[in-house]
Structures are given as C-alpha cells and as structure tokens.
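Structure, as structure tokens:
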Amino acid sequence: MNIQGISGASAWFDVAKKTGTFSTTVPAQTPASARSSDTASISGAARDRLMQEIASQSARSATPSTPSTPAVASFDTDKGSVELNIDDYFSASPQKPFAELPPLLMPSQQNIDALSSHISNVFPKFLSDHGISSAPASISYDSMGQAVFPADYPYTEQLKKALDETPSMARKLMTVVGMTDAKNALDEGVKFQQEYTNAQSQNALGAVIAKYGSLLSGQSSTSPVSLLFSEDGRMQNTRNV
C-alpha cells in the first residue's frame, strides 16, 4: 500500500494506529483484479497530524541522548593530588571498584570546597526526588553521628528517611563536616605553635598554654560544624555552632 506524502507504510501505520486517524475499506464485491491491495482514505487535517507526529518521531530519534556527566574533581589525598569520581568514591558499590584501598581524603580547604560545590549541585535534585519541598537551613551532627536539623524544619522525618535510603549522600554530608572539623583543629594547632614560638616570657608561655589547654589535652576547643543551605537546597558554607 502506498500513500503519497508518507514514505514507509509500516511507519505510517504505526503512527496512524496511535492517533486513530485513518480508515481502511474493502468493497464487499471487489473484482479479483482489484483485490491486490487495500485502499485507504485520510482527511487533510488527519494527514497533517500524521506528518507532524512522524516529524516529531524523526527528530527524537535523530537527537542523541545526553549521558549524565560524572562528577569528577581533584582532591588532596594521602596519595597526592588525585582525580576522583565523587559518586563512585562515596558509593558502597562503585562502578569502577578500587584495586586497593581508596585514597584517603585530607582535611584541606580544596577538598572541602570541591565536595561542598558538588553537594550544592546535587542536593536540590536529591530533595526533589524524595518529595521534599525545601532544604533545612542547616544540618549538624550530634556526638553519636546523627544528623540534627532545626527544630522548626517541617521535613525532618522525610529527610532522615531519604538519607537512610541514600547512604552515599549521607556520607558526603558527614565527610564535609568531618573534614571541616579536622581542618579547624589543625588550624588551631598552627595558631598554638605560632603563639608559643612568639612568646617572650614565662608568663606569656603560661598564657598560651592555658589558652590552648583543651587542644593540648587532645580535644579541640572549636565549636561543632554545621552545614548551611538555601531553601532550594544549595549549600552555602559551613559555620561553627
């Protein structure tokens, strides 16, 4: 069967079948010489709709699918500067498993910034995928490592459940907090060393030691770290709470 303006009878049939815009009629008493093919009738408006549908299908098939771009960043590690796929690194089952223990992320500002930027990019979609309309103003962690949200945040239970179901995201958030906390402690140690070195008397030394007593006892005097978010889920920065 050949219909002018439509190439490929099978393609046309598939489209026409979907739209219900064609009719096939076979006369009750058709001479044998005329029964070699069916006849089809189609209105001008229906033909236009069919042509639009075929053009749309052709455009879709001609447009290549765009694969998601892996989140890759350079991190300071115990093995030097390493390019890491962030999703793979924090996944329990990475697409390309490490042949040995994965590199250990160092608590550097570069690492904190790289992971914070990644979270800022993916957290809005994470919230949307779990039906959560807005992000908490902040996320901090208690001494047991449990996420703590503002008391007035209306989606606390939903977000806790979402993080439980997506441990990779939970690990990313906790890692930013952990690295920031460790960096703060290291910065505090540097300040102590500088002040101790610059002390010009025993009284000055005693004052420095007293000031950093908690650090010298193995505890940081810095406050716990909290992650700050905009309402749409963009990570803003960190702060001490």
Side-chain angles (χ1 to χ4, degrees), residues 64-78 82-185 220 222-241:
S65 58
T66 303
S68 58
T69 303
V72 177
S74 179
F75 287 89
D76 296 323
T77 77
D78 60 334
V82 178
E83 292 281 327
L84 294 175
N85 182 309
I86 299 176
D87 290 326
D88 268 4
Y89 186 87
F90 288 94
S91 173
S93 302
Q95 293 183 356
K96 296 180 179 179
F98 294 102
E100 54 187 23
L101 288 177
L104 176 65
L105 299 185
M106 307 305 288
S108 68
Q109 191 61 52
Q110 176 179 320
N111 288 356
I112 294 170
D113 291 344
L115 189 52
S116 296
S117 176
H118 169 74
I119 292 173
S120 182
N121 289 333
V122 301
F123 201 60
K125 185 177 185 303
F126 172 80
L127 294 175
S128 176
D129 288 346
H130 289 85
I132 300 173
S133 301
S134 62
S138 65
I139 300 177
S140 57
Y141 291 85
D142 61 21
S143 59
M144 302 298 292
Q146 297 298 312
V148 178
F149 308 102
D152 60 349
Y153 181 56
Y155 304 105
T156 292
E157 294 306 317
Q158 293 96 314
L159 184 49
K160 283 184 177 180
K161 184 174 183 292
L163 291 173
D164 286 342
E165 293 174 348
T166 317
S168 60
M169 177 60 74
R171 283 194 287 269
K172 292 173 185 177
L173 295 171
M174 292 187 70
T175 299
V176 172
V177 170
M179 287 195 300
T180 304
D181 189 56
K183 183 178 183 299
N184 289 344
S220 174
T222 59
S223 303
V225 174
S226 178
L227 307 178
L228 304 182
F229 293 87
S230 63
E231 186 174 354
D232 66 354
R234 298 279 178 183
M235 186 172 164
Q236 304 296 296
N237 48 35
T238 62
R239 73 177 180 193
N240 296 109
V241 295

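Small disclaimer: the values here were computed from a predicted structure and weren't measured.
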Does [X] reach the side chain of [Y], with side-chain heavy atoms less than 4.5 Å apart?
X	Y	answer
I119	L115	yes
D78	P103	yes
Y155	S134	yes
L127	L159	yes
S226	S138	yes

[atom1]/[X] to [atom2]/[Y] distance, rounded to the nearest 0.5 angstrom?
X	Y	atom1	atom2	result
M106	F75	CE	CZ	14.0 Å
I86	S117	CD1	OG	8.0 Å
L228	S116	CG	OG	10.5 Å
Q158	I132	CD	CD1	6.0 Å
Y89	L84	OH	CG	6.5 Å
Q109	M179	CD	CE	9.5 Å

Derivation of the side chain to side chain contact (heavy atoms under 4.5 Å, CB included) call for N111 and T77 | CA-CA 9 Å; N111 288 356; T77 77; 5.7 Å; no
Tell me the closest heavy-atom pair linking [X] and [Y], and the distance in Å.
X	Y	value
P136	F149	CG-CD2, 3.9 Å
A170	Y141	O-OH, 4.2 Å
K183	P107	CB-O, 3.4 Å

Side chain to side chain donor-acceptor pair (under 3.5 Å): pairs with one or both residues in residues 167-179, sequence neighbours excluded | D87-K172, H118-K172
For F123, which residues count as a ring-ring contact (aromatic ring centres under 6.0 Å, His included) partner, sequence neighbours excluded?
-> F126, F229
Name all pairs fulfilling the salt bridge (charged side-chain N to carboxylate O under 4.0 Å, His left out) condition that reach into residues 106-131, sequence neighbours left out, sorted by first residue then second.
->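 Found K125-D129.
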For atom CD of E231, decide whether the heavy atoms of other residues, nucleotides or ligands shown that lie under 6.0 angstrom number more than 12.
->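 No - once you tally the heavy atoms of other residues, nucleotides and ligands closer than 6.0 Å, there are 12 at most.
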Taking it one step at a time, do L227 and Q236 satisfy side chain to side chain contact (heavy atoms under 4.5 Å, CB included)?
-> CA-CA 8 Å; L227 307 178; Q236 304 296 296; over 6 Å; no
Return yes if some donor-acceptor pair links the side-chain N/O of S128 with the main-chain N/O of P124 below 3.5 Å, else return no.
->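 It does not hold such a pair.
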